[in-house]
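Model, not experiment: these values are computed from the prediction.
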Amino acid sequence: MSPRPQPVVRSTRLDGLIREAARRGLDIMDGVLRQTRETLQRQIDQTRDLIARDARARVVSALVQSAPEMRARFPETLQRIFERELGDSPATTTLDAGPSSIKFDQLELMDEQEVQTRISAVSGLQQALMDAENELTELNTLVSAILGFDQVRPERNPFRPEIYVEALQGLIGEMQGDSAAQTQCRQIMVPLLGKSLRPVYQELLVYLKAQKVQPVPYVIQRTAAAPGAVGAGSAPAPAASAQAAPQGS
């Protein structure tokens, strides 16, 4: 039986942060929907094959029909998942967007839609890392502090990129149109979502700093010590270091 995760400390500052992050979901979805329509329209304009043009036109139609509900539901979906991450059953995963994150033996067990969902998720996470790595690294130090931890716990940050990807993937899976339309939208929308997270993280950092939240440090987990070396838990790493595995909490 896995140990129970360390509980977070609820506070008015944390509740305000959750509301602010969920509210920003509306701007995120507006931008993603607009850019997806523009991308699909460019594809239509550049395609000479009538069958392919008609297929893409059906995707645009499905997106237009689904857009109002997706726009309305994205903030509330984010809020629900944020709250889940603060509870006793968080999805304790960390960002995994490298080449090794797609295992071919796993893909063999998935159907085509599951494969495309996984590939688009990795693409979105890679885009978030490219664009917002510095902001995410700093955000982890402040969010861990406001959650009541004494060191950075990146896997407990309810605003980590995979949470946003999860929320969007769920809505895409419920949108109008067939699975092919959903797959095309997913391939475009999830990377766009990853690209949109940097301004969100910047705003959350401004909010936390205005609340006078003080960062906690990243801590390097040392697995072995030579005779006479400093012990594993004796020194924290600088806060600017890479996202190291946290020590036991």
Side-chain angles (χ1 to χ4, degrees), residues 17 20-22 24-25 27-33 35-36 39 74 77-78 81-82 84-85 90-104 106-107 114-147 149 151-172 183 185-209 215-221 237-246:
L17 180 63
E20 178 67 15
R24 286 287 286 117
D27 296 332
I28 294 173
M29 183 57 75
D30 280 343
V32 168
L33 288 170
Q35 293 177 74
T36 301
T39 299
F74 192 58
T77 300
L78 284 174
I81 301 178
F82 293 157
R84 180 198 71 193
E85 293 300 298
T92 52
T93 58
T94 52
L95 202 62
D96 183 16
S100 64
S101 62
I102 299 182
K103 304 292 192 301
F104 288 104
Q106 295 174 341
L107 295 183
E114 289 174 325
V115 170
Q116 292 301 325
T117 297
R118 176 60 176 160
I119 291 174
S120 65
V122 170
S123 178
L125 296 178
Q126 287 175 332
Q127 189 66 61
L129 267 186
M130 283 192 296
D131 288 358
E133 182 176 12
N134 291 338
E135 287 80 4
L136 179 59
T137 298
E138 184 178 6
L139 185 65
N140 282 331
T141 69
L142 297 177
V143 170
S144 291
I146 205 173
L147 294 178
F149 304 141
Q151 63 187 49
V152 172
R153 298 288 304 275
E155 80 283 1
R156 296 299 304 275
N157 181 355
F159 315 113
R160 59 193 188 276
E162 53 263 52
I163 296 300
Y164 287 86
V165 169
E166 177 186 343
L168 179 59
Q169 294 268 37
L171 292 181
I172 293 174
T183 294
C185 285
R186 185 177 287 112
Q187 290 170 344
I188 299 171
M189 295 178 77
V190 179
L192 286 174
L193 171 71
K195 196 173 184 65
S196 72
L197 290 181
R198 185 183 184 192
V200 174
Y201 289 162
Q202 289 172 334
E203 291 194 11
L204 295 183
L205 285 170
V206 169
Y207 178 91
L208 286 164
K209 290 174 181 178
V216 295
Y218 281 90
V219 175
I220 294 177
Q221 185 178 29
S241 65
Q243 292 186 24

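Ser144 places no side-chain N or O within donor-acceptor distance of the main-chain N or O of Thr141, the cut-off being under 3.5 Å. In this structure a side-chain-to-backbone donor-acceptor pair under 3.5 Å is missing from Tyr218 to Asn140. For the pair Tyr207 (side chain) and Ala21 (backbone), a donor-acceptor distance under 3.5 Å is absent.
Residues Val216 and Val152 come closest through the heavy atom pair O-CG2, 3.5 Å. Between Ser196 and Ile28, the shortest heavy-atom contact is OG-CG2, 3.5 Å. Phe74 approaches Ala167 most closely through the heavy-atom pair CE1-CB, 3.7 Å.
Partner of Glu85 under the salt bridge (charged side-chain N to carboxylate O under 4.0 Å, His left out) criterion, chosen from Arg153, Arg160, Arg156: Arg160.
Under the side chain to side chain donor-acceptor pair (under 3.5 Å) criterion, Asp27 pairs with Arg24, not counting sequence neighbours. Residues passing the side chain to side chain donor-acceptor pair (under 3.5 Å) test with Ser120, sequence neighbours excluded: Gln169.
Counting heavy atoms from C-beta on, the side chains of Leu168 and Met29 come closer than 4.5 Å. Using a 4.5 Å cut-off on side-chain heavy atoms (C-beta onward), Asp131 and Leu197 make no contact. The side-chain heavy atoms of Ile163 and Arg84, taken from C-beta on, include a pair separated by under 4.5 Å. At a threshold of 4.5 Å between non-hydrogen side-chain atoms, the residues Val32 and Thr36 count as touching.
Remark: Leu205 CG to Leu136 CG distance equals 9.5 Å, nearest 0.5 Å. The distance from atom CG of Leu204 to atom CG of Leu17, rounded to the nearest 0.5 Å, is 5.5 Å. Distance check, rounded to the nearest 0.5 Å: CG of Asn134 to CG of Leu129 gives 10.5 Å. Distance CD/Glu135 to CZ/Phe159: 16.0 Å, rounded to 0.5 Å. Rounding to the nearest 0.5 Å gives a distance of 10.5 Å between CD of Glu166 and CG of Leu171. The CZ atom of Arg186 sits 13.0 Å away from the CG atom of Leu193 when rounded to the nearest 0.5 Å.
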